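For reference, the structure discussed in these notes is given below.
So you know, we letter chains A, B, ... as the sequences are listed, proteins then strands, and number each from 1. This one's a predicted model, so the numbers in the text were calculated from it and none came from an experiment.
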Amino acid sequence: KNEVEQSPQNLTAQEGEFITINCSYSVGISALHWLQQHPGGGIVSLFMLSSGKKKHGRLIATINIQEKHSSLHITASHPRDSAVYICAVRNPPTGNQFYFGTGTSLTVIP
Amino acid sequence: EPEVTQTPSHQVTQMGQEVILRCVPISNHLYFYWYRQILGQKVEFLVSFYNNEISEKSEIFDDQFSVERPDGSNFTLKIRSTKLEDSAMYFCASNRGGNSPLHFGNGTRLTVT
């Protein structure tokens, strides 16, 4: 089992602000996913990380394997970024079970 | 871009009835999953399926649940005798295995009355 904690649980930001969402986990992993869940419920995969940093448009994800911690950053936030952001981890070595955080609900105000 | 499709989008059933939730994973994916999310709670793993058999299951996935790949494209979750607490959003997902990205369907909202 892996305990996955996210912070903050809720976040309200003004349009244009830089946003950081944090994820920590208790047991060493082989991969971490950042997911986005929209109000309708659908889940979209944003990033899969096993080390270092990845960037896609205004989104940046980093992971520190030694500290068991990952961050998701959103630059120049926009109201369409409003969603729940979920961190999910996969335990090695052969397990395909993913453990999910409780999610961070982000609201970006125009 | 290929996607995971789930049907129906919403299912209402009476307590004690059997339900079958259907999924069509992405065709070249090898691993299939079912997750559930009770309203307001985190997403929880139910089961993973590989090579026509269950590879892992959680403690939630008890004898009331079963999965099947009846043909080359569908992947189903059956709940034999639904309980009120089975009301949740059920997500199907697939990937190539290992550390490859997970692709989720849009979910089936199950309401047990």
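- Residues W34(A) and Y25(A) share a single hydrophobic cluster, defined by chaining ILVMFWY side chains whose heavy atoms lie under 4.5 Å apart.
- Between chain A and the residues L46(B), N95(B), L102(B), the largest count of heavy-atom pairs under 4.5 Å involves L102(B).
- Other cluster members for I26(B): V4(B), joined by side-chain heavy-atom distances under 4.5 Å among Ile, Leu, Val, Met, Phe, Trp and Tyr.
- Close approach to chain B, defined as a heavy atom under 4.5 Å from one of its heavy atoms, is seen in no residue of residues 49-56 of chain A.
- The cluster map of Ile, Leu, Val, Met, Phe, Trp and Tyr, joined by side-chain heavy atoms under 4.5 Å apart, puts Y33(B) and M48(A) in different clusters.
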Between side-chain atoms of residues 35-47 of chain A and protein atoms elsewhere (two or more places apart, or another chain), which donor-acceptor pairs fall under 3.5 Å?
{"unit_1": "Q36(A)", "atom_1": "OE1", "unit_2": "H38(A)", "atom_2": "NE2", "d": "3.0"}
{"unit_1": "Q36(A)", "atom_1": "NE2", "unit_2": "Y85(A)", "atom_2": "OH", "d": "3.0"}
{"unit_1": "Q37(A)", "atom_1": "OE1", "unit_2": "Q37(B)", "atom_2": "NE2", "d": "3.3"}
{"unit_1": "Q37(A)", "atom_1": "NE2", "unit_2": "G41(A)", "atom_2": "O", "d": "2.9"}
{"unit_1": "Q37(A)", "atom_1": "NE2", "unit_2": "Q37(B)", "atom_2": "OE1", "d": "2.8"}

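- Annotation: D63(B), atom CG; neighbour count of heavy atoms from other residues, nucleotides and ligands within 6.0 Å does not exceed 12.
- Around the CD atom of E85(B), the shell of radius 6.0 Å holds more than 12 heavy atoms that belong to other residues, nucleotides or ligands.
- Of the residues considered (V47(B), N106(B), V43(B)), V43(B) shows the highest number of contacts with chain A, using heavy-atom pairs under 4.5 Å.
- Both V89(A) and I21(A) sit in one connected hydrophobic cluster of ILVMFWY residues. Membership requires side-chain heavy atoms under 4.5 Å apart, directly or through other members.
- The CZ atom of R90(A) sits 8.0 Å away from atom OG of S100(B), with the distance rounded to the nearest 0.5 Å.
- Ranked by heavy-atom pairs shorter than 4.5 Å toward chain A, the options E44(B), M89(B), K57(B), K42(B) are led by K42(B).
- Only the backbone of V4(A) comes within contact range of chain B, with heavy atoms under 4.5 Å apart.
- Legend: ring-ring contact (aromatic ring centres under 6.0 Å, His included) pairs involving residues 43-71 of chain B, not counting sequence neighbours, sorted by first then second residue: Y31(B)-Y50(B), Y35(B)-F45(B), F49(B)-F75(B), F61(B)-F65(B).
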